[in-house]
Each structure stands twice: as C-alpha cells, then as structure tokens.
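To start, the structure under review is shown below, and the notes come after it.
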Amino acid sequence: MERPSVRRSALLLDAWPLLLAVVLCLPLLAHGGYPLARDLVFVPHQPWTLASVGLGDGAPRAVPLDAVVSLLTSVVDGGWLARVVIPLILATAGWGTHRLVRDLGTVARLTAGGFAVWNPYVVERLALGQWALLAGYAAVPWLLVAARRYRESGTPGDLGGTVAWLGLASLTPTGGVLGSLAVLAGGAGRSVRTAWLVLVCVLLQLPWLVPSVVGAAASTSDPAGVDAFSAGSEGPGGVLTALVGLGGIWDANSVPGTRDSWWSTLTAVLVVVAVVLGWRTLCRVRGRDDTVRLAGLAGVGLTLAFLSSVPGGDELVRRLVDTVPGAGLLRDSQKFLAPLVVLAAVSFAASAHRVVEAARRHGTEVVLAVGLVAVPLPFLLVPDGAATVWPTVRPVTYPAGLDRVAAILDDGPPDATLATLPWRSYRGFGWGNGLISSDPATRWFDLDVLASDDLQVGPTTIRGESPRGQALGRALRTGPAADALRAGHVTWALVYLDDPDAPQLDLSGLTPAYSDADLALYRVPGTTPPAASAGTTARVVTGLADGLALVLVAGAAILAARRRRKAARTSAG
Amino acid sequence: MILFGSKLGEGGNVPLLLKFLLPAIAGGLSASVTMYGVVYSQTKAPDTNPASQPILVYGDQS
C-alpha cells in the first residue's frame with residue numbers, strides 16, 4: 001500500500017500542471033459564452049456536414065477534429081466542451097512529461113510538469129487559438145512511453161495504448177504527423193513490431209489523407225505561405241535562437257512581449273545548458289537509448305521548423321508545397337518544435353534534480369531555495385504567458401440572430417449553399433472580444449457554407465485551396481453580388497453588418513430574408529443547386545477510412561484499459 | 001519541522017542565518033523577475049504603429 005507522503009506527492013505532481021492550465025485558461029473558465037478568437041472557434045452545436053469529414057469545398061485542415069467536435073457537441077454544449085477540453089489538453093502535456101522522468105525527485109518532476117504546460121511554444125500556439133495542435137503536442141510524452149513499452153513487450157495491450165494516444169494526436173493532420181514521428185522514435189526496433197507501428201500510423205492518418213486526395217479542394221497549397229508562415233525571430237538572437245528558445249511562431253501578434261527582448265535569448269541559452277547538464281541524469285533514469293531517441297526526435301522537429309528559414313531550404317519546402325499533395329503541412333514549420341519542448345522540459349527537470357542533489361547536503365533550506373527557482377521556471381521564462389493567452393480565450397456571446405438565421409436555413413431548400421459576406425476569411429466582430437477570428441458560420445449552420453479561404457498575413461495574401469471559393473471570390477470582386485452568387489450556385493448570403501466593408505456591398509437583386517443589428521440574410525433568386533462537392537465513391541472511401549480509424553482507436557483504448565487493470569492487479573497482489 | 005525528508009536547520013556547512021534567508025531570497029528573486037516581466041510586457045510600445053496596420057488580417061509576420 002502506498003504511504004500517505006507518496007500519495008500526497010503524486011497528487012501534487014498532477015495538481016501543479018492542472019493549476020497552470022487553469023490559470024492559462026482563466027477567462028474561459030470565469031466568463032460565460034463561447035471562445036471565438038483567431039483559430040479558436042467553438043459554437044453551441046456543430047452540425048455534421050461533409051466539411052466535418054474533409055469533403056467540403058476547403059482543404060481538410062481540421063479533420064477529423066471537426067467530426068469529433070460535431071459528435072461531442074451533439075451531447076454537450078460547445079462552450080462547456082471547450083472549458084473541459086482545453087485545460088485538460090494542457091494538463092495532459094504536463095502529466096505525461098513528468099511521468100517521462102518518474103524516477104526523479106518531486107522538485108524535478110514538478111519542474112517538468114509545469115514547464116510542459118507553460119512555455120513559449122504552448123503560449124504562442126494557444127494565443128493563436130490552435131488548441132487541437134496542442135493535443136498532438138500533449139500526446140508526445142505519452143506516446144514515447146507507450147511506444148517504448150510496446151517495443152519492449154510486443155503485447156497487444158501496449159500496442160493499444162500507443163494507438164489510443166496516437167488517436168488523440170491525430171485529431172489534426174499536423175498532430176498526426178507529430179504523433180507518428182513520436183511513435184516511430186519511441187517504438188521502432190524489432191522489424192515486426194515496427195511494421196505494426198508503421199501500419200497504425202498510416203491507418204490513423206487516413207481520415208485526412210483520403211479526403212485530401214478524393215475531395216474537391218486542391219491537394220497542393222499556395223507556396224507563398226512558406227515565407228509567410230516560416231518561423232520568425234524573437235529578440236536579438238535571430239530565428240534559430242528563437243526556435244531553440246522554444247518560440248519562433250510566424251505571427252507577431254501571438255508572441256509574448258518579453259520574447260521580443262533578451263528573454264528569448266536567455267531561454268535559448270538555458271535550454272542548451274539544461275540539455276547538456278541534464279543529459280547524464282536523463283540517460284540514467286530513462287536509459288541512454290531512449291534519451292538518444294527523444295533527442296533525435298527533437299532534432300528532427302527543430303530541423304523541420306528551421307528548414308524554411310534557411311537559403312535553399314525555403315526553396316525546397318516551396319517546391320514540395322507546390323507539387324506534393326499534403327505538403328502544405330510544412331508551411332507553418334514552427335509547429336514541429338513540439339518534441340524539442342518535451343526534451344527541454346525533461347532536461348530542466350534532470351538539471352534541477354542534479355542541483356537539488358548537490359544542495360541536499362547543505363540542508364533542507366537550500367533544497368527549498370532551489371525548488372523556489374526551479375518549480376516557478378515557467379513564470380520566470382514566460383512571465384507574460386497568461387497575459388498573452390487570455391485575450392484569445394476570453395469567450396464571447398454570440399448574437400441571437402445566428403439561431404434565427406439557422407432556423408430559416410433549416411426550412412430552406414435542401415443542398416443549398418450559404419456564402420458569408422463581405423468576402424474574407426478572418427473577421428472582426430463588434431460583439432467579439434476585440435480579436436479577429438475564423439468565421440463561426442462555417443461551423444454553425446447545417447449546410448454547405450462558403451467563406452473565403454484566402455489568408456491575409458501582413459501584406460501577403462495566401463491563396464486558399466477551394467476552387468469553388470476562389471471562383472466565387474473572383475466573381476464577387478468583378479461584379480454585383482447577386483450575379484456572382486447565382487453563378488456560384490449559392491442560395492443564401494449572410495452579411496455581417498459590422499464589417500467595415502459591409503456598406504460598400506452591392507446587394508441589389510437579392511431578396512431579404514432576415515435582418516437585425518448584426519446580421520442580414522438574403523435569398524439569391526433563381527439559383528440552382530451546385531454539383532455535389534464529393535461523389536458517392538469519395539463519400540464511401542472517406543467513410544470507410546473514418547470508420548476504420550474510429551474502430552481502431554476505440555478497440556485500442558479498450559485493450560489499453562484492460563492492460564492497465566491487469567498491471568494494477570499484479571502490483572496490488 | 002520535517003521537509004524534504006530532514007529537519008529544518010540540520011546538515012551542511014552553510015551558516016544557519018543564511019540557510020533560513022536563502023528560500024526567502026530565492027522566492028523573492030523569482031517573484032521579482034516574474035513581476036518585472038509582466039510589467040515590461042504590458043507597458044512596452046508595439047513594434048509597429050497599430051494605426052498603419054491592416055485591421056482584418058489572419059496574422060502578421062514576426
């Protein structure tokens with residue numbers, strides 16, 4: 001039976017990452033409404049549409065995430081879902097990372113768990129609203145543990161654990177790639193077991209791979225995005241220093257203010273020192289082989305993140321993005337830094353452990369002093385982490401008009417398409433929280449919603465992948481809205497009245513169907529239904545891929561739970 | 001009082017007064033650096049004039 005002090009320590013180790021996660025998400029938890037800022041969009045109930053499984057007009061970027069959120073919001077309100085899922089994902093990263101160094105002391109493990117939750121990478125990505133990518137990051141430490149177990153035991157239960165965590169990572173395409181890399185780094189070894197791991201990695205990527213091949217969207221992306229989304233410099237040290245310091249996101253608005261100073265350089269120096277200082281301790285507690293595997297994975301991630309920032313590398317990535325289907329994933333390169341963050345967290349822990357061991361012979365007070373610097377390390381390195389994230393996670397109250405519009409659309413013709421105007425992808429709302437956001441209409445209404453998928457990054461416009469959206473955008477720029485919408489087989493037009501360009505819209509020829517202070521809905525007279533964005537074959541193949549992945553993850557979770565129960569019984573006996 | 005497995009004040013050759021001061025110094029240092037960072041971040045001027053930026057952009061390169 002566990003001693004009370006051990007139970008207290010275990011509780012503390014899991015409570016610290018959760019506390020930091022709660023602090024980062026505080027406005028979301030303290031206010032009513034729904035998160036809507038940047039890429040963070042939750043609506044009360046997200047209907048199941050073809051776009052949910054990647055067969056809409058746009059590229060399957062949030063696949064199978066949208067399908068999973070659609071299923072979950074059919075039983076729980078989207079606002080509550082966000083309040084549970086986002087802090088839980090952040091805490092999961094901390095819980096997994098401190099378990100990677102479970103043989104170290106409490107101070108070291110608190111350092112690892114806390115740093116995994118609150119660091120430049122998580123802060124910058126959450127400030128951009130990319131919570132689902134962080135699910136992929138959070139799964140990395142768990143995948144390393146699970147894949148190592150499978151490499152050593154080869155049992156179905158351990159393979160199940162790996163598949164279950166890979167399922168979480170694979171909610172987004174980038175998370176799936178990150179997770180697959182972690183699985184192969186942690187689990188590759190004997191040929192048969194490696195083959196099984198490769199197989200499950202491929203099967204769990206089918207939900208986005210299949211629609212990207214059979215769907216209506218272009219399978220390649222605009223190479224202009226390579227420069228726009230390449231890692232950025234923070235502070236005086238340049239891009240590589242920013243990346244080694246675990247930041248370097250492309251978007252200046254997501255960068256904490258302190259990172260634009262020597263803080264960024266200092267973090268990079270401390271990460272390198274921690275990796276060097278903690279290496280021997282890590283090799284001792286995790287084994288040299290596993291430490292080398294983690295370092296190799298982090299190295300691959302850093303290389304991918306830096307590739308588009310070096311001469312020659314940027315040209316290579318541009319060519320890949322322009323010609324290879326799915327290579328658009330490489331554009332936002334800093335995402336791939338996730339394994340380096342995990343390596344940094346466990347290295348800080350190992351370094352803290354060494355210092356604590358040295359301090360122990362000088363007495364408890366000196367150990368306490370070390371703990372008071374090591375454990376709050378997240379605050380020391382990103383003191384403005386919460387201030388950077390809070391504006392993004394502050395929820396908004398959606399206008400009641402959205403529900404009234406939804407009711408009208410539900411009574412409208414089947415196979416209709418709605419376009420949102422003025423034609424742009426990211427919007428600022430008078431009723432929002434002051435930040436621009438992705439268009440909530442694409443997730444709100446139970447029909448095909450066309451919105452611009454061009455991305456404006458500073459002065460650069462990055463062309464979207466939807467041929468139908470591109471054609472409609474061109475038509476809207478050159479002629480009256482009614483003609484453009486009719487030619488694009490669009491039945492409804494939703495106008496956001498608080499958009500600065502709304503007064504300039506030529507809406508003559510459209511029939512008003514609803515209007516309030518925020519929204520106006522128009523019917524397009526004489527429009528005909530569009531050709532289906534996905535044929536029967538595409539729907540069947542995508543359905544099979546989704547079904548296969550779902551059954552695989554569900555079965556794996558059951559196998560892993562059985563293995564866990566069996567292990568618990570064995571240790572109790 | 002027992003903390004980290006041993007009694008306070010025991011062990012090592014660090015003077016007793018310094019031993020008791022060290023946690024306060026470390027805690028104070030951590031709190032000061034954090035506070036300085038928060039104040040610095042919230043009071044620094046933006047890199048570019050917000051008025052010269054397009055309003056509705058997905059992001060801006062750092």
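Just so you know, these numbers come straight off a predicted model, no measurement behind them. Any value given below was found using the heavy atoms of this structure, including those in side chains, with hydrogens, waters and symmetry copies removed. In what follows, chains are A, B, ... by sequence order, proteins preceding strands, each numbered from 1.
A salt bridge does not link A:E357 with A:R354: none of the charged nitrogens is closer than 4.0 Å to a carboxylate oxygen.
The aromatic rings of B:Y58 and A:Y426 are tilted relative to each other, their planes meeting at an angle between 30° and 60°.
With a threshold of 4.5 angstrom between heavy atoms, A:R427 approaches chain B through N, CA, C or O but not through any side-chain atom.
The most heavy-atom pairs under 4.5 Å with chain B, out of A:S261, A:S230, A:G248, A:A231, come from A:S261. Between chain A and the options B:G27, B:A31, B:G37, B:P23, the largest number of non-hydrogen pairs under 4.5 Å is found for B:P23. Options A:L377, A:I462, A:D384 differ in how many heavy-atom pairs under 4.5 Å they form with chain B, and the most are formed by A:D384. Counting heavy-atom pairs under 4.5 Å between each of A:G105, A:P383, A:A359 and chain B puts A:P383 at the top.
The closest side-chain donor-acceptor pair between A:R38 and A:Q130, if any, does not fall under 3.5 angstrom.
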Where do A:R331 and A:D222 land on the side chain to side chain contact (heavy atoms under 4.5 Å, CB included) test, with the steps shown first? CA-CA 9 Å; A:R331 294 194 307 188; A:D222 185 354; 4.1 Å; yes
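Counting only heavy atoms from C-beta outward, the side chains of A:W263 and A:R259 never approach each other to under 4.5 Å.
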